[in-house]
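Note that these values count all heavy atoms, side chains included, but never hydrogens, waters or copies made by symmetry.
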Amino acid sequence: MRKTRKLVAVGCVCAAMAMGTTAFAMPGATSLVTVTPRTTSSASSTDTEKSSRETEAAPETTAAPEPETTAANPAEPAQAESASEQPNKVAVGAASLTAASGVSVAASGPEGAVSQAAVQMAAAAPTKAPSPYEDVAVSQVNGDDDYVNIRDAANVDGEILGKIYNNCAATIEETVETEDGTWYKIHSGSVDGYIKAEYFVTGEEAEELALKIGKMFGYVEEGGLRVRTEPTTESDIITTLWAGEKYTVVEQADGFVKLSLGDDDDGNPVTGYVAEEYVQVYVKFDKAISLEEEQEMIAEAKRREEEAEAAKKSSKREAVVAYAKQFIGNPYVWGGGSLTNGTDCSGFTRGVLGHFGYGLSRTSRAQAGDGRQVPLNSVEPGDLIFYASGGRIYHVALYIGGGRVIHAIDEAHGIGISSMYWTTPCSAVDVIG
């Protein structure tokens, strides 16, 4: 079976590919590029790799390789006429073969016709296919900056439209020679613009690099595809896959693709082999970003950082409350500082928050100046609530949420929970931050 390699890219997703092909998804490609592969291989008995139902329904295939085609209609039946009797057809075929194979074929016979032997020689001659990466640039940036600016013109004075970072890919739309050197007009992601060619590799070098830095995936084209333990049709079957499923590709070898199938019930990774004729293999790369996208990314990163910090603080506040509650029922002792053997109100809050590394003053009045003042209607668990008489603070409690506080109440009640409004609070302080 002869294979054709196709390059399809929109954004960073490979869109389509013929059976038995390898596709490379490049950011921003706008067209389908079809090239002849560097090598060809005959078809193996891969019909056995589909479910038995599909194999029985499928017509039997032949192992004989398909002959090279010429510009003459390959579907046209063979004629008894000699080459000299059909000079136009043979001449066109010979010209096509010469262009395709690079082998010069001397004309013979009337009107430039060539012998059948010459045509066969040209057809059998090896060909060197172009790399599917000829129009793809993969960034290679060294130094302090790990990106290259994309500009609206092919010069360093052009306005910056976006950035392409190291090991990202772009589709080359045009090569521009300037006094400042060679530039590429590219498309990558949502950005169209110009980049200096010196920071990129293309062709075979890009292809070799792509297999190292790209993320390879396999798209299952045939339903009931068997997964085996080894890259042979005689090895044990692990499971079957269905059309439309996607898996990470571990490697490709000997007509098989090794896929990562996830983890088993014990958390161990599972891999298996499938026939490559029934799997689209494609490579995904990172792509360029516009300045607007970069600002959005920065804002999103900041938002996530703030959310993570808030969650961290929330978790710590919950931990403070949980720690304080374990001392409920312990005695109140004026001037005391033991959470188990006896403490007063300020000794209680000092001991609880001190356990988490927050240093507080000894008295309730002094603790009112230890943190950040917060409105009473915005308090959070872990905040300190203060009470005053005649303008003088005399008591402190720890807010635990739901309009309640925990505190060392008095000798009659010890450490306990009550409403935040057991008497009128005067202020609140946040020491957790």
If I take atom CG from residue D254 and atom OG1 from residue T232, how far apart are they, to the nearest 0.5 angstrom?
10.5 Å

Any side-chain heavy-atom pair of S418 and V405 under 4.5 Å
yes

Over 60° means perpendicular and under 30° means parallel, so classify the ring planes of H407 and W422, tilted if in between.
tilted

Any sub-3.5 Å donor-acceptor pair from S188's side-chain atoms to A288's backbone N or O?
yes

Rounded to the nearest 0.5 Å, how far does CG of L225 lie from OG1 of T239?
10.0 Å

Between S346 and R362, a side-chain donor and acceptor under 3.5 Å:
yes

Pairwise distance OH(Y399) to CD1(I385) - rounded to 0.5 angstrom:
7.5 Å

State the CG-CG distance between L360 and L384, to the nearest 0.5 angstrom.
6.0 Å

So OG of S139 and CG of D286: to nearest 0.5 Å the spacing works out to 9.0 Å

Between D146 and N166, is there a donor-acceptor pair closer than 3.5 Å when you use the side chain of the first and the backbone of the second?
no

Cut-off 3.5 Å, side chains only: do Y247 and E245 have a donor facing an acceptor?
yes

List the steps, then state whether side chain to side chain contact (heavy atoms under 4.5 Å, CB included) holds for L259 with V227.
CA-CA 9 Å; L259 302 177; V227 183; 5.7 Å; no

Can you tell me how the ring of Y165 sits relative to the ring of Y147, calling it parallel under 30°, perpendicular over 60° and tilted otherwise?
tilted

A cation-pi test, strictly: NZ or CZ of K284 under 6.0 Å from the centre of the six-membered ring of F217 and no more than 45 degrees from its axis. Yes or no?
yes

Are the side chains of Y219 and V279 in contact, using a 4.5 Å heavy-atom criterion?
no

Salt bridge (Lys or Arg N to Asp or Glu O under 4.0 Å) evaluation trace for K196 with D180
CA-CA 9 Å; K196 295 202 73 171; D180 193 31; 3.6 Å; yes

Tell me whether R317 is salt-bridged to D383, with the criterion being a basic N under 4.0 Å from an acidic carboxylate O.
yes

Going by the rule salt bridge (charged side-chain N to carboxylate O under 4.0 Å, His left out), which residues pair with E318 if we only count those two or more places apart in sequence or in a different chain?
none

Does a side-chain heavy-atom distance below 4.5 Å link T202 with Y184?
yes

Once you round to the nearest 0.5 Å, how far does CD1 of I186 lie from OG1 of T171?
8.5 Å

Sequence neighbours excluded - side chain to side chain donor-acceptor pair (under 3.5 Å) pairs with any residue from residues 364-376:
T349-Q367, S361-D370, R372-D430

For R303, the option from E306, E307, E305 that meets salt bridge (charged side-chain N to carboxylate O under 4.0 Å, His left out):
E307

Counting only N and O atoms by type, is there a donor-acceptor contact under 3.5 Å from the side chain of H187 to the main-chain atoms of G189?
yes

Between R151 and E159, is a salt bridge (Lys or Arg N to Asp or Glu O under 4.0 Å) present by the stated rule, with each step listed?
CA-CA 5 Å; R151 300 179 182 273; E159 179 183 351; over 6 Å; no

is_close_aromatic(H355, Y323), centroid dist under 6.0 Å:
yes

Check the pair T178 / W183 against side chain to side chain contact (heavy atoms under 4.5 Å, CB included), numbers first and verdict last.
CA-CA 7 Å; T178 71; W183 291 70; 3.5 Å; yes

